**Q** 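Got a structure for you, written out below as structure tokens; questions coming shortly.
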Amino acid sequence: MAIRLGDDAPNFTAETTEGTINFHEWLGNSWGILFSHPKDYTPVCTTELGAVAKISSEFKKRGVKVIAVSVDPMDSHKGWINDINETQKTTMNYPIIADPDKKVAALYDMIHPNAIDNMTVRSVFVIGPDKKVKLTLTYPASCGRNFDELLRVIDSLQLTSKYKVATPANWKDGEDCIITPAVGDAEAKDLFPKGFKTVKPYLRYTPQPNR
Ligand code: BEZ
């Protein structure tokens, strides 16, 4: 069954390129990103895995652990990592789950038979420290993901989990936020000492509260 926002992130034990893990134990109190790849030794996936390795310090800075999965076996992953490092000029620094029996893929509904029937699509699950699913994305095999966008949504998710704000279209860390409609003006004055601008009664901007 499809996983929806707010659902518990299913737990599993799996072999990875960095040893056997119990997913929830591996996450600990961190935020997590689980992202799937259709297949090893494919061009778009190679660029994606390299891109994530290159910005791993950005995920670390935000307290996010990253793990990839594809339905190929461990030997294949290990050989492919050499190609990723060579072609993307990086060093893989996060685990890839070997999922040849498609256990994790099935648990997270990553195989979409009307798209590609025997491989995972490009799924992304962002998981909070409470092990709840905070964000899901699904891309077709033909489109590599934008991992800067993933950092941007992590910034928004982490901010809005702590403050009664939402983030507007194309928001980036450091920009003004929107006060959530459930907060009345009197409460907003207490919560946002930097002040707020009312464009419409339902559209109020405040400087990012943790900056
Ligand atoms: C790729 O990663 O390049 C890819 C994988 C499966 C189907 C199409 C493209």
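Because the structure is a prediction, the values reported are computed rather than measured.
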**Q** Same cluster or not: are L151 and Y139 linked, directly or through other Ile, Leu, Val, Met, Phe, Trp or Tyr residues, by side-chain heavy atoms under 4.5 angstrom apart?
**A**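 Yes, same cluster.
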**Q** Can you tell me how far the CZ atom of R145 sits from the OG1 atom of T47, to the nearest 0.5 Å?
**A**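 One gets 9.5 Å once the value is rounded to the nearest 0.5 Å.
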**Q** Does a salt bridge link K197 with D176, judged by any charged N lying under 4.0 Å from a carboxylate O?
**A**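 Salt bridge between K197 and D176, a charged N being under 4.0 Å from a carboxylate O: no.
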**Q** Can you tell me if CG on N170 sees more than 12 non-hydrogen neighbours from other groups inside 6.0 Å?
**A**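 At most 12 heavy atoms, drawn from other residues, nucleotides or ligands, come within 6.0 Å of this atom.
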**Q** Does a side-chain heavy-atom distance below 4.5 Å link T13 with F23?
**A**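 Counting from C-beta outward, T13 and F23 never come under 4.5 Å.
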**Q** Quick one, K132 and D7 - any side-chain contact, counting heavy atoms below 4.5 Å?
**A**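 Counting from C-beta outward, K132 and D7 never come under 4.5 Å.
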**Q** Find the distance between CE (M119) and SG (C45) and round it off to the nearest 0.5 Å.
**A**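 Rounded to the nearest 0.5 Å, the CE-SG separation comes to 9.0 Å.
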**Q** Give me the ring orientation class for W80 and Y41: parallel if the planes are under 30° apart, tilted from 30 to 60°, perpendicular past 60°.
**A**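 Judged by the thresholds at 30° and 60°, the geometry between W80 and Y41 is tilted.
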**Q** When you look at NZ of K194, are more than 12 heavy atoms from neighbouring residues, nucleotides or ligands closer to it than 6.0 Å?
**A**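 Atom NZ in K194 is packed in, count exceeds 12.
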**Q** Evaluate the side-chain proximity of F196 to V165: yes if any heavy-atom separation is below 4.5 Å, no if none is.
**A**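 Not in contact.
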**Q** Please determine whether a side-chain nitrogen of the Lys or Arg among R204 and D185 lies less than 4.0 Å from a carboxylate oxygen of the Asp or Glu.
**A**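 So R204 pairs with D185 through a salt bridge.
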**Q** Please check: side-chain N/O of D72 versus main-chain N/O of K39, any donor-acceptor pairing under 3.5 Å?
**A**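 No, because the side chain of D72 does not come within donor-acceptor range (under 3.5 Å) of the backbone of K39.
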**Q** Determine, for W26 and K65, whether the Lys NZ or Arg CZ falls below 6.0 Å from the six-membered ring centre while staying within 45 degrees of the axis.
**A**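 Because its charged atom sits under 6.0 Å from the ring centre and within 45° of the axis, K65 does stack over W26.
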**Q** Verify the neighbour count for atom NZ of K54: are there more than 12 heavy atoms of other residues, nucleotides or ligands below 6.0 Å?
**A**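 Counting other residues, nucleotides and ligands, NZ of K54 exceeds 12 neighbours.
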**Q** Are F125 and F35, when compared by the centres of their aromatic rings, separated by less than 6.0 Å?
**A**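 No, they do not, as the ring centres are separated by 6.0 Å or more.
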**Q** Is a side-chain donor or acceptor of H77 paired with a backbone partner of I97 at a separation under 3.5 angstrom?
**A**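 Yes.
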**Q** Between CE of M74 and CG of D99, what distance do you get to the nearest 0.5 Å?
**A**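 Here the rounded value is 10.5 Å.
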**Q** Between the main-chain N or O of I3 and the side-chain N or O of Y108, is there a donor-acceptor pair closer than 3.5 Å?
**A**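 The answer is no, because no donor-acceptor pair under 3.5 Å joins these two groups.
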**Q** Strictly distance-based, threshold 3.5 Å: is any side-chain N or O of T17 a donor or acceptor partner for the main-chain N or O of I96?
**A**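 Side chain of T17 to backbone of I96: a pair is present.
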**Q** Taking the side chain from S123 and the backbone from S36, do they hold a donor-acceptor pair closer than 3.5 Å?
**A**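 No: the side chain of S123 does not pair with the backbone of S36.
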**Q** When you measure from the side chain of E149 to the backbone N and O of N146, does any donor-acceptor pair fall under 3.5 Å?
**A**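 Judged by distance alone, no pair lies under 3.5 Å.
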**Q** Donor-acceptor pair, T120 side chain versus H37 backbone, under 3.5 Å?
**A**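 At least one qualifying donor-acceptor pair exists.
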**Q** If the threshold is 4.0 Å, N to carboxylate O, is there a salt bridge linking D173 and R152?
**A**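 No, no charged N to carboxylate O under 4.0 Å.
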**Q** Would you say that I111 contacts V121 through its side chain, given a criterion of any heavy-atom pair below 4.5 Å between the two side chains?
**A**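 No, too far: nothing below the 4.5 Å cut-off.
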**Q** As an exercise, state the distance from NZ of K103 to CD of E15, rounded to the nearest 0.5 Å.
**A**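 Between K103 NZ and E15 CD, I get 8.5 Å after rounding to 0.5 Å.
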